[in-house]
Amino acid sequence: MEKIDIMSLDVDEIGEILVGIGEKKFRAKQIFQWLHVKRIFDFDEMTDISVQLRGRLKEIFCVNGLFVQKRLESSIDNTVKYLYRLSDGNFVETVLMEYSYGYSLCVSTQVGCKMGCRFCASAIAGFVRNLTPAEILMQVYETEKNSGVKISGLVLMGIGEPLDNYENVVKFLRLLSHKSGNNFSLRHVSLSTCGIVPKIDELADLELGLTLCVSLHSADNSSRSEIMPVNRTWDIDRLLAACRRYIEKTGRRITFEYAVIEGVNSSDRDADRLAGLLRGMNCHVNLIPVNKVKERNYRTAGNAVADFADRLSRRGINATVRRTLGSDIEAACGQLRRDAAEKQMNGGVNG
Ligand code: SAH
């Protein structure tokens, strides 16, 4: 029988399995604390569990760790980018960022991505599979262990579309914030989506308290469909209607992400359209300089982000400019994984 990765299970699920093998249910909480509070993943080290039960646990469960394949540290601002190898040989990226208020971690939710955004390296590398709840969670635990820091903020903005792996992402959030475990406040989590409308509604219903970020990148349907194929399924009107419902239901402000791309979305007309769409909405615009991806020509001119912020501000829309972190180790999101996967195909990974 294939072993179950215990890191994807909550206390109740572990409890049910224990009851099924004639053990006491309350042991589940003890085991969960070893895993999520003490971060002990070797059942033999769980000293308040009988030797006999430890033996059973080893037969039923496993913990699939992540292996640090590559670790790039910025010499400018302490940003650390990890390339993790998963138990099946696939790779994901995780980025640790230092802010004045603490450390924030950007995690991946899928191996690759199906969404096909034109400017994104993850899309170019293609989709392989969803991450399990355990694999998303272990990015947090492994990075805390490797770096020795406590993570206080989390962003689901790495490789993948979180709402295209909805169930595993929600399970991950529940595990991360479990009162008997790591007890991480979901107020400090931001989830970024390219705009999967039905899932935005489902997420709103859960009232998790997290911050929803929506990758808008254009206020015009034809140009948005061009750079973000998801817009052909759920266009701007439907997306913004879902955003309004989300705000109404949760009482929380939405962040719209907008990569300023020369010749695509940064003219006065674009600012007019964007301001028209967002005026009066409880939201915030985060402008991003586009990260160069080698297969594409998209770029952000020197002052373009600040100029566009001015254009918006003259139209009554406040925008912040995303700080660029780790510019010396940049390799835009998804590029490390793609390079490693290519190397593997060409005969073995050598870091
Ligand atoms: N799939 C999710 C989250 C992952 S991408 C989403 O689409 O929101 C995180 C953010 O980085 C998104 O806003 C995405 O549009 C943006 N992004 C991707 N590639 C980029 C690039 N080359 N330059 C700037 N931003 C990029």
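In listed order, ligands and their atoms are each counted from 1. Only heavy atoms go into these numbers, but all of them, side chains included; no hydrogens, no water, no symmetry mates.
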* Give the numbers and elements of all ligand 1 atoms closer than 4.0 Å to a heavy atom of H217. => 13 (O), 14 (C), 15 (O)

* Distance filter under 4.0 Å to E161 heavy atoms, resulting ligand 1 atoms -> 1 (N), 2 (C), 6 (C), 7 (O)

* Asked: If you count the atoms of ligand 1 from 1 in the order shown, which ones are under 4.0 Å from a heavy atom of C194?
  -> 6 (C), 7 (O), 8 (O)

* Going by the atom numbers of ligand 1, which of them fall below 4.0 Å from some non-hydrogen atom of C120? -> 18 (C), 19 (N)

* **Geometric cation-pi criterion K3 and F61, 6.0 Å radius, 45° cone** => no

* Asked: Between S218 and N265, is there a donor-acceptor pair closer than 3.5 Å when you use the side chain of the first and the backbone of the second?
  -> no

* To do: Could you pull out all residues at least two apart from F119 that satisfy ring pair (Phe, Tyr, Trp, His ring centres under 6.0 Å)?
  => H217

* Heteroatom distance test (F119, ligand 1): nitrogen or oxygen, under 3.5 angstrom -> yes

* Residue pair H284, F256: steps toward the ring pair (Phe, Tyr, Trp, His ring centres under 6.0 Å) verdict -> CA-CA 6 Å; H284 164 91; F256 288 102; 9.7 Å; no

* Where on E257 is there a heavy atom closer than 4.0 Å to ligand 1, on the side chain, on the backbone, on both, or on neither? -> side chain

* **Where ligand 1 meets G160 - atom numbers and elements under 4.0 angstrom, heavy-atom basis** => 1 (N), 2 (C), 3 (C), 4 (C)

* To do: Have a look at N291, I261, V293, L216 and point out the one with the heavy atom closest to atom 21 (C) of ligand 1.
  => N291

* **D77 side chain to S74 side chain, donor-acceptor N/O pair below 3.5 angstrom** => yes

* Going by the angle between their ring planes, with limits at 30° and 60°, are F184 and H188 parallel, tilted or perpendicular? -> perpendicular

* **Where ligand 1 meets G158 - atom numbers and elements under 4.0 angstrom, heavy-atom basis** => 4 (C)

* **Atoms in ligand 1 with a heavy atom of T193 nearer than 4.0 Å** => 6 (C), 7 (O), 8 (O)

* Report yes or no: is the cationic atom of R39 (NZ for Lys, CZ for Arg) under 6.0 Å from the centre of the six-membered ring of Y141, at an angle within 45° of the ring normal? => yes

